[in-house]
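Everything below concerns the one structure shown next.
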Amino acid sequence: MSDSEDDIPLVQRAAAPSAKSTPKPAAAKAAAKPAAAQPQSRARTNGASKKKPETEDEDDDEESEEASSSSESEDEDSESDLPLAKRRKSKSPGAASTGAKRKRATPQRESEGAKRSKREPGSSKSGQVMWKTLRHCGVLFPPEYEPHGVKMLYDGKPVTLTPEQEEVATMFAVMKDTDYMKKPVFLKNFWEGFKEVLGKNHVIKTLDKCDFTSIYDWHMAQREAKKNVSKEEKDRIKKDKDEKEAKYKVAYVDGRPEPVGNFRVEPPGLFRGRGEHPKMGKIKRRVYPRDITINIGEGEPVPEHPYPGQTWKEIKHDHTVTWLAYWKDTISSKDYKYVFLGATSTFKADSDLAKYEKARKLKDLIVDVRKNYERDWESSDNKKRQMGVAMYFIDKLALRAGHEKDEDEADTVGCCTLKVENVDLEPGNKVKFDFLGKDSIRYENVVEVHPTVYKNLERFRRIDSTGKKKKPGDQLFETFDAQDLNKELKNIMDGLSVKVFRTYNASITLDRLLSEWEASKKGADVQSVDQKKVDYDVANKEVAILCNHQRSVPKTHTNQMEKIQEKLQALSTELKELEDELAAVQKGKGEGKKASADSLLSRIEKKKQAIFKVELQARSKEDLKTVALGTSKINYMDPRITIAWCKRNEVPIEKIFNKSLLGKFNWAMDVEPSFRF
DNA sequence: ACCGCGACTTGTGGATATGGTA
DNA sequence: TACCATATCCACAAGTCGCGGT
């Protein structure tokens, strides 16, 4: 790492998982199901008037009943192995019921507390049929490269490049003001790629003598020009583009229209790895139809493409998978790029629901799970002890599993791949974690742990199970890996894996915090929606900290805060003026007095509220500057918790979920207000 | 009993749309 | 009514995890 200066801002971890050595009380199995769960209390208190503009999708009607009821309760097996989607009545394609605002198709799934039996709905696991018919238009290719003819300099002299070479030079030139330019690995990888494109015996012999400034300038000029196009022209261009893209945006699954996620083929460019990625700067080749495998229903028209001489790499009809197309990544031979349906699709909704139901299932077992791994801390079997400690970290700190990685990937770790130097022991049974996790985001945290864990760690850091000394770079847990751990978890619960703990802990934390909030505010003065939203964010923040979802402080943050302060200044001056005025009026006499005093009074009140609101925002902004709330909202916190809370507290759901989240969580909207995770 | 493959979720930052403000 | 900074969207990288082949 370079200067620790702009290192990831260290999130205030103080609040992180209580230093308590004992696992959390596991939410005493939330009474959760107050028998009288307001039956059909559709009492949607929140202002969330149902008139959502309706996202193109789902016009599938069907009485929401049927789909659920049957499949729901008896879920277990037989054909119910089919993902939910499958079981939905599919509407005849044509019948795009324009009018009929469809209710969300997904009915309640409150699996009242316990026993939701084995089969999760929608779990797209192995071999299950995901669709009967599938129709789509394939993928959209990026435009071919258009040479600009701007010459770069080599050793001070202009060089003529072939279009192909120029394209690569341009990829590089354009990155002039990024700090990749300072990274030796990036430069080396780029040069290797560039050299190859140049061919042997080219005048360009070394990157040092290359000057791409002219191309960079050209690029900037282009950008500027684009910005200055007239509004009408811009609109026209956009409209054009939208029309060209329209057909790629939708796929028909069993006749139902579903949004396609990323239908665009990735354009060529230089690979930008995160952190110190060994492959940064490599050329990401252009992808052609011959590289792409299409998955589509039998008998459906094969998608077209703009390369007359070519054919798709393959046309498949695999009903057990949800992808529409894929190609091999050109950077890493073992990676694939997929085209999937969008987040609002039925496939995704089903698996989202399944994910949370699985986590809730874990909730019912968590007390035992904890008892078990705590017992393992004392085992005479070293491996068991290590696993027990790892499980503790995973559960308590919501660490990721951490699979083994290759040399040619960024050097990051998860729980199972922690190295001895990632964990420091401090007095008072305190453990200090410091490592780079996913995306090379630094995880830094000091936690007090159970003494037995502490003792174990002392040993794990020092020697391996054969008694051999460990050194930096050695695994903290050398006796097992993520796979082994997951295998063990399968014995505890069907479908259980490490990541489920992250989901579980995020969701249960939100649930707990929100309900504590409600308990403490019960009967208290009516709060503004703004205040409630801020309070929700506080809970959200705690979850984000648990999951280590950081963000870099926005560049403009300081600036913005100053502006807010100024605004506050102005407001309070105005307030002062009003108050003076009022005083003056009250002193004076005469007719209009009463009226103008009243009016002043109300203006003063308004002003005070405005001030309060700005202050609130200022505090919240400052408080959240290093925390990314979005990630947990999108991926970890069961949306039903939030929606139910909104209903109970008269907060319009739109205050918490933006448009795309509303779409993504459509499946959860009908949740009972009494829902508890 | 691995281990690479394949498919799907999670994650961040950059690009762009948008809505409040001068 | 253009600006302008933020809020949202999007691209695509980087994880997780089960499976099937050897």
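Just so we're on the same page: letters track the sequence lines, and every chain starts at 1. Values reported hereafter were calculated over all heavy atoms of this structure, with side chains retained and with hydrogens, waters and symmetry mates removed.
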Open item on the list: Does A:Pro267 reach a base, just sugar-phosphate, or nothing at all? Heavy atoms under 4.0 Å.
Closed with: sugar-phosphate

TODO: Could you run through nucleotides 17-22 of chain B and give me one letter per nucleotide, 5' to 3': B if any protein heavy atom sits under 4.0 Å from the base, S if only the sugar-phosphate is that close, - if neither?
DONE: S-----

Open item on the list: Check this one for me: any side-chain N or O of A:Ser660 less than 4.0 Å away from OP1 or OP2 of C:dC9?
Closed with: yes

TODO: Within residues 405-413 of chain A, find the residues that approach DNA chain C with a heavy atom at under 4.0 Å, and present them sorted by residue number.
DONE: A:Lys405, A:Thr412

Open item on the list: On DNA chain B, does the nearest nucleotide to A:Arg502 precede the nearest nucleotide to A:Tyr338 from the 5' side, or the other way round? Give the residue.
Closed with: A:Tyr338

Task: Separation of atom NZ in A:Lys438 from atom C1' in B:dT9, rounded to whole Å - done: 7 Å

Open item on the list: Using OP1 and OP2 only, check whether a side-chain N or O of A:Asn262 sits under 4.0 Å from C:dA11.
Closed with: no

Open item on the list: What's A:Gly414 touching, base or sugar-phosphate or nothing? Going by heavy atoms closer than 4.0 Å.
Closed with: nothing

Task: Short side-chain N/O contact to C:dG18 OP1/OP2 from A:Lys490, under 4.0 Å - done: yes

- [ ] Mind checking A:Gly273 for me? I need base, sugar-phosphate or nothing, with any heavy atom below 4.0 Å counting as a touch.
- [x] sugar-phosphate

Task: Value in whole Å for how far the P atom of C:dA7 lies from NZ of A:Lys655 - done: 13 Å

Open item on the list: At 4.0 Å (heavy atoms only), tell me whether A:Lys227 reaches a base, stays on the sugar-phosphate, or touches nothing.
Closed with: nothing

Open item on the list: Heavy atoms from C-beta onward define the side chain here; which of C:dT16, B:dT12, C:dG18 lies closest to that of A:Asp439?
Closed with: B:dT12

Task: Presence of A:Lys499 side-chain N/O under 4.0 Å of B:dT10 phosphate oxygens OP1/OP2 - done: yes

- [ ] Report yes if the side chains of A:Met175 and A:Phe186 come closer than 4.5 Å at any heavy-atom pair, otherwise no.
- [x] yes

Open item on the list: Of the options B:dG4, B:dC8, C:dA13, whose atoms approach the side-chain atoms of A:Gln483 most closely?
Closed with: B:dG4

Open item on the list: Using whole Å, what does the distance between atom C1' of nucleotide C:dC17 and atom CD of A:Glu404 come to?
Closed with: 14 Å

TODO: With sequence neighbours left out, write down each residue that passes ring pair (Phe, Tyr, Trp, His ring centres under 6.0 Å) with A:Trp218, or none if nothing qualifies.
DONE: A:His148

Open item on the list: Among B:dA7, B:dT9, C:dA14, which nucleotide has an atom closest to any side-chain atom of A:Trp323?
Closed with: B:dA7

- [ ] Establish, with yes or no, whether the OP1 or OP2 oxygen of B:dT9 is under 4.0 angstrom from a side-chain nitrogen or oxygen of A:Ser351.
- [x] yes

Task: Spacing between A:Arg285 atom CZ and C:dC12 atom P, to the nearest angstrom - done: 15 Å

Task: Length of the CG-P vector between A:Leu270 and C:dA11, whole Å - done: 19 Å

- [ ] Examine C:dA14: is either OP1 or OP2 under 4.0 Å from a nitrogen or oxygen in the side chain of A:His277? Give yes or no.
- [x] yes

Open item on the list: Distance check needed: C:dA7 P versus A:Lys533 NZ, whole Å only.
Closed with: 10 Å

Open item on the list: For a quick check of understanding: with a heavy-atom distance under 4.0 Å over all strands, which category does A:Phe340 fall into, base, sugar-phosphate or nothing?
Closed with: base

Open item on the list: Just N and O in the side chain of A:Asn658: are any of them under 4.0 Å from OP1 or OP2 of C:dA7?
Closed with: no

Open item on the list: Please tell me if A:Arg274 has a side-chain N or O lying less than 4.0 Å from either OP1 or OP2 of B:dG13.
Closed with: no

